[in-house]
Amino acid sequence: MPKEYRTIREVAGPLMMISDVEDVKYDELGEIELPNGETRRCKVLEVDGTNALVQLFESAAGINLAGSKVRFLGRSMELPVSPDMLSRVFDGLGNPIDDGPALIPEKRMDVNGTPMNPAARNYPQEFIQTGVSAIDGLNTLVRGQKLPIFSASGLPHAQLAAQIARQATVRGKDEQFAVVFAAMGITFEESEYFVQSFRETGAIDRTVMFVNLANDPAIERIATPKMALTAAEYLAFDLGMHVLVIMTDITNYADALREVSAARKEVPGRRGYPGYMYTDLATLYERAGRLRGKEGSITLIPILTMPEDDKTHPIPDLTGYITEGQIILSRELYRKGVTPPIDVLPSLSRLKDKGIGPGRTREDHAATMNQLFAAYARGKDARELMVILGEAALTDMDKKYAEFAEAFEKEYVSQGYNANRSIEETLNIGWKLLAILPRSELKRIKDDMLDEYYPG
């Protein structure tokens with residue numbers, strides 16, 4: 001039986017100081033029993049000699065210093081896992097909230113996970129089809145990659161996240177594919193939107209959801225992505241599944257880190273975020289990947305809203321350092337009615353070359369991708385010139401490029417949130433658009449490919 005302490009010295013917000021403790025370890029879980037028999041959970045944040053600083057998972061309201069007891073459980077936070085997790089909805093601490101039965105666990109896993117040995121990693125290379133042209137065709141996602149989506153407040157990242165979660169598949173081999181969806185600090189309406197969206201399309205059958213609402217405690221928000229990644233590691237490396245982890249919104253997670261850090265009176269770093277935020281985010285993102293000798297894989301799409309649309313804000317800035325590229329949503333395209341409003345030019349998937357080409361997508365993929373990028377960039381420049389100097393100042397070729405840019409946004413990037421395009425459809429739309437330009441302009445595509453695919 002764990003030893004009980006009646007030595008609570010101080011309660012300050014979500015923190016509590018207990019003195020005269022023995023053998024208490026960092027990150028250990030504890031229980032506080034109130035005089036009326038109610039129990040609340042906490043975890044150890046700091047051990048200083050015989051003093052332990054703990055953080056409460058629930059509210060501190062009603063805790064009586066003299067009458068409450070604390071016991072430490074001798075273990076850190078764990079997630080009970082089993083194959084029955086698929087199609088279930090949990091809160092940020094891994095408790096079912098979908099009115100279904102309690103999970104009968106196959107085992108319990110420490111949510112902090114263990115770092116992957118870099119030498120045991122396999123290089124990400126197989127193509128994952130999301131059904132979204134701007135991602136599949138131009139910023140291709142490959143299995144084992146970390147590819148964040150940088151959004152801004154008011155942009156439809158929730159719809160894009162739900163679309164990717166519903167549509168993503170590994171092509172070719174008949175392999176088991178699962179989605180782990182973690183939502184942090186979202187509103188009840190958003191939570192309902194995700195759950196209903198997955199239920200209506202049947203995608204819930206291959207999905208595990210962890211939902212932390214905006215009114216849930218900050219400490220639960222910090223635990224949510226760890227719970228999700230632990231579930232993903234179980235599905236990928238124990239059950240051999242290919243798992244796509246989607247986390248929204250990392251900004252809410254970082255704000256919870258800042259809140260806890262401020263309560264602990266730590267010295268703040270940039271914009272008040274803790275100095276260890278880079279390390280903290282890396283411990284999450286680096287749990288994605290592929291392991292040698294294991295069938296499964298974890299691919300990660302973290303979604304974050306950039307405060308004040310600022311790419312240099314610490315959260316997108318640090319995320320960009322740790323991950324392999326970014327998909328950027330544009331307010332300008334959103335105003336024009338482009339859905340999803342993916343701005344393909346500043347977006348980047350650093351591993352896209354590894355997942356495309358013969359045997360993976362199609363032999364014309366790399367060449368058409370480069371040509372589309374180049375033509376769209378020139379078309380955008382031509383449109384800007386047109387605004388400044390008027391249409392009369394443009395050459396006939398510039399007008400063609402401006403026409404291409406307009407058609408590219410309307411037909412290639414804008415597809416709505418229900419269209420699920422195969423990679424062949426995406427490539428064919430690309431060729432159809434390139435036909436707006438004369439064949440002589442397509443200098444990035446070899447002649448034999450133009451002979452085969454150019455519709456002009």
Side-chain angles (χ1 to χ4, degrees), residues 77-113 128 130 141 143-144 146 158 161-170 175-186 190-213 216 220-250 252-253 284-285 287-290 294-303:
M77 200 183 293
E78 293 174 331
L79 175 70
V81 291
S82 99
D84 301 333
M85 297 177 86
L86 289 164
S87 81
R88 299 297 304 274
V89 185
F90 302 91
D91 68 8
L93 294 174
N95 306 307
I97 51 170
D98 55 2
D99 301 329
L103 212 60
I104 299 169
E106 197 173 85
K107 62 176 180 175
R108 293 175 181 275
M109 292 173 69
D110 183 342
V111 300
N112 296 305
I128 290 181
T130 64
L141 177 67
R143 199 188 297 173
K146 309 176 282 291
Q163 182 177 16
I164 293 170
R166 290 194 311 264
Q167 296 179 177
T169 56
V170 175
E175 286 167 344
Q176 291 180 292
F177 191 79
V179 175
V180 175
F181 193 92
M184 295 160 274
I186 63 169
E190 281 182 292
S191 161
E192 280 300 291
Y193 166 75
F194 285 126
V195 175
Q196 289 310 322
S197 164
F198 294 166
R199 284 207 170 117
E200 281 164 17
T201 55
I204 191 89
D205 295 341
R206 56 163 195 176
T207 305
V208 186
M209 290 187 74
F210 292 87
V211 178
N212 162 268
L213 297 175
D216 288 333
E220 182 181 309
R221 199 155 306 142
I222 293 171
T224 307
K226 292 177 181 165
M227 292 281 169
L229 286 159
T230 305
E233 283 166 351
Y234 168 71
L235 295 172
F237 305 131
D238 287 24
L239 301 187
M241 301 177 87
H242 296 293
V243 185
L244 175 64
V245 181
I246 297 178
M247 299 202 272
T248 179
D249 178 337
I250 294 293
N252 294 336
Y253 170 80
L284 296 181
Y285 298 152
R287 288 170 76 173
R290 300 170 66 219
K294 298 273 189 187
E295 267 301 295
S297 63
I298 299 175
T299 308
L300 178 62
I301 299 184
I303 296 172

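Here the structure is a predicted model, which is why all the values come from computation and not from measurement.
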Is there a side-chain contact between [X] and [Y], using heavy atoms and a 4.5 Å cut-off?
X    : Y    : answer
L239 : Q176 : no
V179 : R206 : yes
L229 : M247 : yes
M85  : L79  : yes
L244 : I164 : yes

Value rounded to 0.5 Å, distance of CZ in R143 from CD1 in I128: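 Answer rounded to 0.5 Å: 6.5 Å.
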Pairwise distance CG(L213) to CG(D91) - rounded to 0.5 angstrom: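 Rounded to the nearest 0.5 Å, the CG-CG separation comes to 9.0 Å.
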Where [X] and [Y] come nearest, the two heavy atoms and their spacing:
X    : Y    : result
F181 : A161 : CE1-CB, 4.3 Å
R88  : G100 : NH2-C, 3.4 Å
D98  : S87  : OD2-O, 4.3 Å
H242 : S297 : ND1-OG, 2.9 Å
A183 : I186 : CB-CD1, 3.5 Å

Selection residues 221-230 - residue pairs positive for side chain to side chain donor-acceptor pair (under 3.5 Å), sequence neighbours left out: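 Listed by first then second residue: N212-R221, T230-R287.
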Stepwise side-chain contact (heavy atoms from CB on, under 4.5 Å) test for T130 and Q167: CA-CA 6 Å; T130 64; Q167 296 179 177; 5.8 Å; no
Worked check of side-chain contact (heavy atoms from CB on, under 4.5 Å) between L86 and M241: CA-CA 12 Å; L86 289 164; M241 301 177 87; 3.9 Å; yes
Y285: ring pair (Phe, Tyr, Trp, His ring centres under 6.0 Å) partners, not counting sequence neighbours: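 With neighbours one apart ignored, the set is empty.
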Stepwise side-chain contact (heavy atoms from CB on, under 4.5 Å) check, M77 with M227: CA-CA 9 Å; M77 200 183 293; M227 292 281 169; 3.3 Å; yes
Atom pairs and distances, side-chain donor-acceptor, residues 192-204, under 3.5 Å, sequence neighbours left out:
unit_1: S197; atom_1: OG; unit_2: R166; atom_2: NH1; d: 3.0
unit_1: T201; atom_1: OG1; unit_2: S197; atom_2: O; d: 3.1
unit_1: T201; atom_1: OG1; unit_2: F198; atom_2: O; d: 3.4

For A232, side chain to side chain contact (heavy atoms under 4.5 Å, CB included) partners two or more places apart: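 A232 satisfies side chain to side chain contact (heavy atoms under 4.5 Å, CB included) with V180, V243, V245, I298 once adjacent residues are dropped.
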Could you tabulate the donor-acceptor pairs under 3.5 Å formed by side-chain atoms of residues 101-113, not counting sequence neighbours?
unit_1: E106; atom_1: OE1; unit_2: Y234; atom_2: OH; d: 2.9
unit_1: K107; atom_1: NZ; unit_2: D238; atom_2: OD2; d: 2.6
unit_1: D110; atom_1: OD1; unit_2: N112; atom_2: N; d: 2.9
unit_1: D110; atom_1: OD1; unit_2: N112; atom_2: ND2; d: 3.3
unit_1: D110; atom_1: OD2; unit_2: S76; atom_2: OG; d: 3.3
unit_1: N112; atom_1: ND2; unit_2: D27; atom_2: OD2; d: 2.8

side-chain hydrogen bond (donor to acceptor under 3.5 Å, both in side chains) partners of T207, counting only residues at least two apart: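 Testing T207 for side-chain hydrogen bond (donor to acceptor under 3.5 Å, both in side chains), a comparison that skips the adjacent residues, returns none.
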Worked verdict on I222 versus Y253 for side-chain contact (heavy atoms from CB on, under 4.5 Å): CA-CA 6 Å; I222 293 171; Y253 170 80; 4.1 Å; yes
